[in-house]
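Worksheet: the structure to be examined is printed underneath.
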Amino acid sequence: MYRKEKNLFNAKEFIESSLKEIRAIAKDAKVISACSGGVDSTVTTALVHKALGDNALAVFIDDGLRREGEPEFVLRTLKNLGVKTRYVDAKKEFFTAFKGKIDAEEKRKAFRNTFYTIFGKVAKEENTGFIVQGTIKADVIETVKGIKSQHNVLQQIGISPEKYGYKILEPLRELFKPDVRRVARELGLPKEVSERMPFPGPALSLRVLGEVTPERVAIVRKATEVVEEETKELGTFQNFAVLHNDKATGIKNGNRLYGNIVTVRIVDSEDAVTATARKVPYEKLLKIGKRIVEEIPTVVRCLYDITDKPPATIEFE
Ligand code: XMP
C-alpha cells in the first residue's frame, strides 16, 4: 500500500494543499511551530512560515538532551530559513521530570508531559492557541498500536491537546519519511536537513537506559559524536550509541574499574517500520569501540547490536 502511495506522491501538490490547509485553519492567528531541527519538524516549520509569514513563530525547546552542537545547528537553520525563532531553555524542567524514573514508557511519558506543558506555557505567552508539529504516519501507527508512546502523538490516542491549552496542526500526518524528504527537497531546504538522519523527539533520553541525568546524557552524547564521526560515509539509516543501566568490570590506568557499558547500533531501513543491522566492517567497529572506551573515562566496554527490527525496535526504549 505504501509503495503505491509513494509512486503517486507529488511533493509540489502536497505543499500547495498543505499551505491551503494551514491558512484555512490558522486564518489570522499566530501559530507556533515546535522545531527540533530534524527533517519532519523543519519541513513543518518551513511550511507554516511559507503559509503565514510573520504569523509563524518557531520555538526551539532546549531540553538538555540534544547531540553535540545540535542547539546551535537548529538555531542557525531557522535563522537561514528567515523564520522568527524563540529559544527556550528548559533543561532543568526536563531533568527534574526524569528524576528517579527508569521505566522506558514512564520516561517517554515524562518527556511528553514536560514538552507539552512547556509548549502550552509558551503558546500562552505568545498569545496563540495553535501549535504545528511534525508528526508523521509512522509515529501515529506505532503509538496507536501501543508499541511506543511517541512524544508527539496525542489526539490519535484520545488525549485532548486542549488539556495543555491549544489546538495542534499536523500537516505531515499522512506522510512516511521518504515523502517528507521529497517535500524538504522541493522546498529547497539544505541537504543537512533534507537528508538528515532520523533522530527521535525525546532525543538522547531514549539512549540512556535507566535514569536520565545530565552526567549520563553527557556520556551518551560523547559516544554518539564518535559513532557519527566514524560512520558518516556508511550511508546507513541510523547510527547511534546507547548507555546501559548496568555496569561491568574493566581495567583503566592499571586499576579495576566497575564502569559503564555502551552499545553501538547501526541500521539500514527505508521507513523505520522494519530495519536490519548493518554488517559494518570489523576494522571500523574496532575503531569505534576503541575510541569510545579511550575517550570516555567511565566506559569500560563497548558492544555492537546485531539485531534486526523486528524483533528488536531501532531504539532501545
Ligand atoms: P523504533 O525504536 O520504534 O523507532 O523502531 C522507529 C523510528 O522512530 C524513532 N523514534 C521516535 N521518534 N519520538 C520520535 O520522534 C519517539 O518517541 C520515538 N521513538 C522512536 C526512532 O529513532 C526510529 O527512527
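Every number for a ligand or one of its atoms is a count from 1 in the order of the listing.
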Practice task
Identify which one of K101, K107, K109 satisfies the salt bridge (charged side-chain N to carboxylate O under 4.0 Å, His left out) criterion when paired with E317.
Solution key: K107
Fill in the blank from the handout: Restricting to heavy atoms, the pick from P200, S36, P198 nearest atom 9 (C) of ligand 1 would be P200
Fill in the blank from the handout: The complete set of side-chain hydrogen bond (donor to acceptor under 3.5 Å, both in side chains) pairs with one or both residues in residues 38-48, sequence neighbours excluded, reads S33-T45, S36-S41, D40-K177
Problem - Contact (N/O only, under 3.5 Å) between E315 and ligand 1 - result: yes
Exercise for the section: Going by heavy-atom distance to atom 6 (C) of ligand 1, choose the closest among A272, A138, G134. Expected result: A272
Practice task
Name the orientation class of the two ring planes belonging to F14 and F9 (parallel below 30°, tilted from 30 to 60°, perpendicular beyond 60°).
Solution key: tilted
Handout entry: Contact check: F199 vs ligand 1, nitrogen or oxygen atoms, below 3.5 angstrom
Key = no
Pairs of donor and acceptor atoms involving the side chains of residues 193-204, under 3.5 Å and at least two apart or interchain, shall be tabulated with distances.
| unit_1 | atom_1 | unit_2 | atom_2 | d |
| --- | --- | --- | --- | --- |
| E195 | OE1 | R185 | NH2 | 3.1 |
| E195 | OE2 | R185 | NE | 2.8 |
| R196 | NH2 | E70 | OE2 | 3.2 |

Exercise for the section: Could you check if a side-chain atom of V43 sits within less than 4.5 angstrom of a side-chain atom of L172, using non-hydrogen atoms only? Expected result: yes
Practice task
Heavy-atom distances under 4.0 Å are what count here, so tell me which part of L206 touches ligand 1: side chain, backbone, both or neither.
Solution key: side chain
Handout entry: Numbered atoms and elements of ligand 1 in range of G201, under 4.0 angstrom, heavy atoms
Key = 12 (N), 13 (N), 14 (C), 15 (O)
Exercise for the section: Please say whether I314 places an N or O atom under 3.5 Å from an N or O atom belonging to ligand 1. Expected result: yes
Exercise for the section: Look only at the side chain of D308 and the backbone of A277, and say whether a donor-acceptor pair between them is shorter than 3.5 Å. Expected result: yes
Handout entry: Heteroatom proximity flag, Q238 to ligand 1, N/O under 3.5 Å
Key = yes
Handout entry: Ring-face cation contact, F60 with R86, 6.0 Å cut, 45° max
Key = no
Practice task
Give yes if a backbone or side-chain nitrogen or oxygen of K309 is under 3.5 Å from a nitrogen or oxygen of ligand 1, and no if not.
Solution key: yes
